[in-house]
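In this text the structure is predicted, and so the values were computed from the model without any measurement. In this chain, residues are counted from 1 in sequence order.
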Amino acid sequence: MNQYQAARAALEKKQLGAAERGFLAVLKAAPNHVEATRDLGVLRFMQRRFPDAEKLALKAISLRPSDVEGHLQLAEMYGALNRHDDQIARYEAACDADVGSSRAWVLLGTAYEKHGLGADRVFERMHATSLANPDSKALLLLLGNMYANRGQHVKAYEAFDRATQAYPGDADAQLHRATALYHLDRNEEAIVGYDATLVLSPGMYFAWSQKGNILLRLRRTNDAIAAFSRSLEIEQTGYDALVGMGAALFEVNRFDEALTFLQAALHVDPRGAAAFNNIGQVMAALKDDANAIQMFDRVHEIEPGSQADADLSAATSRLRMGDYEGGWQCYERRFRIDRHPIVAPHRYAGAQRWNGESIAGKTLLIAAEQGAGDTFQFARYVPMVVQASGAHVVFAVQAPTLPLLTERAAEWGPQGQLSIVSADDALPAVDYYVPLMSLPLVFGTRADSIPSAPRYLSVPEIYRAKWRNALPASGRLRFGLVWSGNPKHTNDRNRSMPIVHLAPLVGDSSVDWCTLQPGLSEHDSAALKTVPHVFNAGAHLKDFADTAALIETLDVVITVDTSVAHIAGALGKPVFVLLPWAAEWRWFHDRSDSPWYPSATLFRQPSIGNWDGVIDAVQKALIEFATNRVAQEAQALAGSTSASDPALASAPQVI
């Protein structure tokens, strides 16, 4: 250990006398020793000899102007002396001395914000500095990362893009640029960016993992699995790749394998919220909701404010189990998720949340949420709101649902007390609001107290007349079919059924089949052409009132879990709902009936992905339905014949 090192060690131990003697000896031998000058300044500051400390710090900086530590040391001294302007100026000098010093920029930003100059000022200065120093990769990457940490991904991308233009062969720059594109949902460009990164650095396992995440987002699941596999070949304990692989395997219902990877991720990070969340999703898919809730609650403990999806999943698991008291409370956490609500909150800013109290003379907005099926399911609560609130109620709904709902205003509320309007149109000023799917909580709905009238919707007469004679009057039974829903639905891969499974049903030409499926794929259109006795009405359905009017002409509706199931149930039409192994919360577990819709019969997959078992059960139920219908008609005919012929009515029975 030389004399300077010994003095430095004494300073760190706060042995000020020994440190002072050492630094003075070093400076006597080498008057321009930068480190000794700087450290002696620190010592003088500790001795409260402030002018001497400042003089020594400035001398050290003059000896080596590019020494960032010298600038930062002096800035800290100024801060301790409450010389805030001097402190900020010195932080700025540190950033100028080394434009790529992340510590200097962070301290400058903190000082700006602390002293009321605005958090954004540091970004403005960084941006200006980067323009003056276009070749500073470190500054551009730092600027981009700081923007990214604030969620300003457009600006982050601009900084990273400039870095790749200046250094096209730099893998780090390419990686950061691709990640910015990932956050901007510019998925195909991000894949190109990650591929460029991997050309430069094939062993960069994080790039493989991120590429896998994008491929999974694009539903290119097999490609995603391949990318995650490549990442794990390079780094077996890569947490992101382990979680991503678990998510990808979940998407193809390889649940046991998914759990293996997700549990491995927890070995890497025992507090990995994403791993706990995904394990919960797998357990819910296996109908193990009790354990799924434990996983989701663990996520909430670890990251109470940032994993709202886990909170929402916990709520739906509770609801599916019939725990409506806890489920509806937990379901309120959905508002922390950016789901692009039907009625954006800023449109009723200033209104108070309604919680069931009387507010006569006020205006109350019921804001529709999520899908059209949810609107039809929860519309049953609207008359209850009108009665309980005493207010003028405005029910804002999705435009396509309006033709079916608008005439209900006169039935569900006194004259002029209820308006049903499109959420796309201008809304009146309101005093109170309530989200539609919060109404079960407001009214204390439990699994055994669901308001479930046999029929609470009706078809407008103009639509009824339009569809009354649309189907051939063959005298045969009429069955409607829906086998798939919106492909953008997060669970569409499970709830929708490939059309091939319908073959045993539509092969029976003794009944009239009608599809209520709008927007057929090319594959489905081709399949229907092989069964010309099936009437394809989907192309003629312009809105949900058309759908309801067509349903009214049918004997039974057979549908997967889509809005059609809710319309048929709300109309009181017999509806056979075809459900996956783990159905949505509203259908509970393992029930064949629905307390939401008395006319519904539920048919569930007997095992994961087993639609053939569902169709077999439906086929038997339709035969039973037809047999009962024939018996009812025969009985009705016999009754009418007896009533019209007194002689027959009084004839003795022959045994």
Side-chain angles (χ1 to χ4, degrees), residues 341-343 347 365-386 392-428 435-437 439 453-471 478 480-482 485-486 488-489 514-520 535-554 557 559 561-573 575 596-597 599:
I342 304 302
V343 185
R347 299 179 66 189
L365 171 70
I366 304 175
E369 300 180 64
Q370 302 181 36
D374 300 289
T375 298
F376 294 128
Q377 179 180 1
F378 289 89
R380 70 188 70 210
Y381 285 95
V382 174
M384 300 167 64
V385 174
V386 173
H392 172 67
V393 176
V394 178
F395 184 22
V397 300
Q398 303 93 329
T401 70
L402 193 60
L404 182 55
L405 292 172
T406 187
E407 291 186 7
R408 307 285 71 72
E411 299 175 12
W412 291 349
Q415 182 67 32
Q417 194 171 343
L418 172 64
S419 303
I420 304 178
V421 302
S422 169
D424 295 338
D425 296 337
L427 299 177
L436 177 63
M437 296 177 72
L439 292 176
R455 178 187 180 110
Y456 60 88
L457 289 184
S458 59
V459 180
E461 180 55 37
I462 188 172
Y463 284 89
R464 183 180 288 115
K466 173 182 175 181
W467 284 94
R468 185 175 292 123
N469 299 314
L471 299 182
R478 295 172 172 175
L481 290 170
V482 177
N486 185 345
K488 295 182 180 179
H489 189 281
C514 174
T515 71
L516 297 88
Q517 185 81 46
L520 294 179
F535 175 63
N536 179 14
H540 305 287
L541 301 174
K542 305 304 181 185
D543 54 47
F544 287 111
D546 275 325
T547 303
L550 177 56
I551 287 173
E552 197 169 66
T553 69
L554 304 175
V557 174
T559 177
D561 181 10
T562 70
S563 57
V564 170
H566 298 284
I567 296 172
L571 291 172
K573 179 66 62 175
V575 54
W596 291 95
Y597 299 112
S599 66

Chemist: Is the closest side-chain heavy-atom distance between V482 and T515 below 4.5 Å?
Modeler: no
Chemist: Under 4.5 Å between any side-chain heavy atoms of W596 and F378, yes or no?
Modeler: yes
Chemist: Evaluate the side-chain proximity of L405 to T375: yes if any heavy-atom separation is below 4.5 Å, no if none is.
Modeler: yes
Chemist: Any idea which heavy atoms bring A372 and T401 closest together, and the distance?
Modeler: CB-CG2, 3.8 Å
Chemist: Any non-hydrogen side-chain atom of I551 less than 4.5 Å from a side-chain atom of L571?
Modeler: yes
Chemist: Quick one: pull up CZ in R347 and CD1 in I342 and give me the separation to the nearest 0.5 Å.
Modeler: 10.5 Å
Chemist: Give the minimum heavy-atom separation between Q517 and N536, together with the two atoms involved.
Modeler: O-OD1, 4.3 Å
Chemist: Among R408, E407, R464, find the residue that satisfies the side chain to side chain donor-acceptor pair (under 3.5 Å) test when tested with S458.
Modeler: R408
Chemist: Decide yes or no on side chain to side chain contact (heavy atoms under 4.5 Å, CB included) for V382 and I366, but give the supporting numbers first.
Modeler: CA-CA 8 Å; V382 174; I366 304 175; 4.2 Å; yes
Chemist: Using 0.5 Å steps for rounding, measure from the CH2 atom of W467 to the OG1 atom of T553.
Modeler: 8.0 Å
Chemist: Please give me the minimum heavy-atom distance between V394 and P428, naming the atom from each residue.
Modeler: CG2-CG, 3.8 Å
Chemist: Mind checking whether S563 and F544 have side chains closer than 4.5 Å, heavy atoms only?
Modeler: yes
Chemist: Between V397 and V421, is the side chain to side chain contact (heavy atoms under 4.5 Å, CB included) condition met? List the steps.
Modeler: CA-CA 6 Å; V397 300; V421 302; over 6 Å; no
Chemist: To the nearest 0.5 angstrom, please state how far the CG atom of L418 sits from the CD atom of E411.
Modeler: 10.5 Å
Chemist: Could you grab the distance from atom CD of Q417 to atom NE2 of H392, nearest 0.5 Å is fine?
Modeler: 8.5 Å
Chemist: Which atoms form the tightest heavy-atom contact between W412 and Y456, and what is the distance?
Modeler: CZ2-O, 3.5 Å
Chemist: After noting the C-alpha distance and the side-chain angles of L471 and C514, does the key distance pass the side chain to side chain contact (heavy atoms under 4.5 Å, CB included) rule?
Modeler: CA-CA 9 Å; L471 299 182; C514 174; 4.3 Å; yes
Chemist: Indicate yes or no: does R478 engage E552 in a salt bridge with an N to O separation below 4.0 Å.
Modeler: no
Chemist: Could E461 and K466 be called an ion pair, given the rule that one side-chain N must be under 4.0 Å from one carboxylate O?
Modeler: no
Chemist: Do K573 side-chain atoms and L554 backbone N/O form a donor-acceptor pair below 3.5 Å?
Modeler: yes
Chemist: May I ask you to decide if P403's main-chain N or O and T406's side chain share a donor-acceptor pair within less than 3.5 Å?
Modeler: no
Chemist: Does H566 use its side chain to pair, donor to acceptor, with the backbone of D374 at less than 3.5 Å?
Modeler: no
Chemist: Using the rule given for side chain to side chain contact (heavy atoms under 4.5 Å, CB included), can you reason through V564 versus V557, listing the C-alpha separation, both sets of side-chain angles and the distance that settles it, and then say yes or no?
Modeler: CA-CA 8 Å; V564 170; V557 174; 3.8 Å; yes
Chemist: Ignoring hydrogens and geometry, is there a side-chain-to-backbone donor-acceptor pair from Q398 to G371 under 3.5 Å?
Modeler: yes
Chemist: Rounded to the nearest 0.5 Å, what separation is found between the OH atom of Y597 and the CZ atom of F376?
Modeler: 9.5 Å
Chemist: What is the minimum heavy-atom distance between V459 and A545, and which atoms define it?
Modeler: CG1-O, 4.4 Å
Chemist: What heavy-atom pair brings I420 and A409 nearest, and what distance separates the two atoms?
Modeler: CD1-N, 3.8 Å
Chemist: Flag yes if more than 12 heavy atoms outside Q415 fall under 6.0 Å of its CD atom; otherwise flag no.
Modeler: no
Chemist: Atom OG1 of T559 and atom CG of L481: how far apart are they, to the nearest 0.5 Å?
Modeler: 9.0 Å
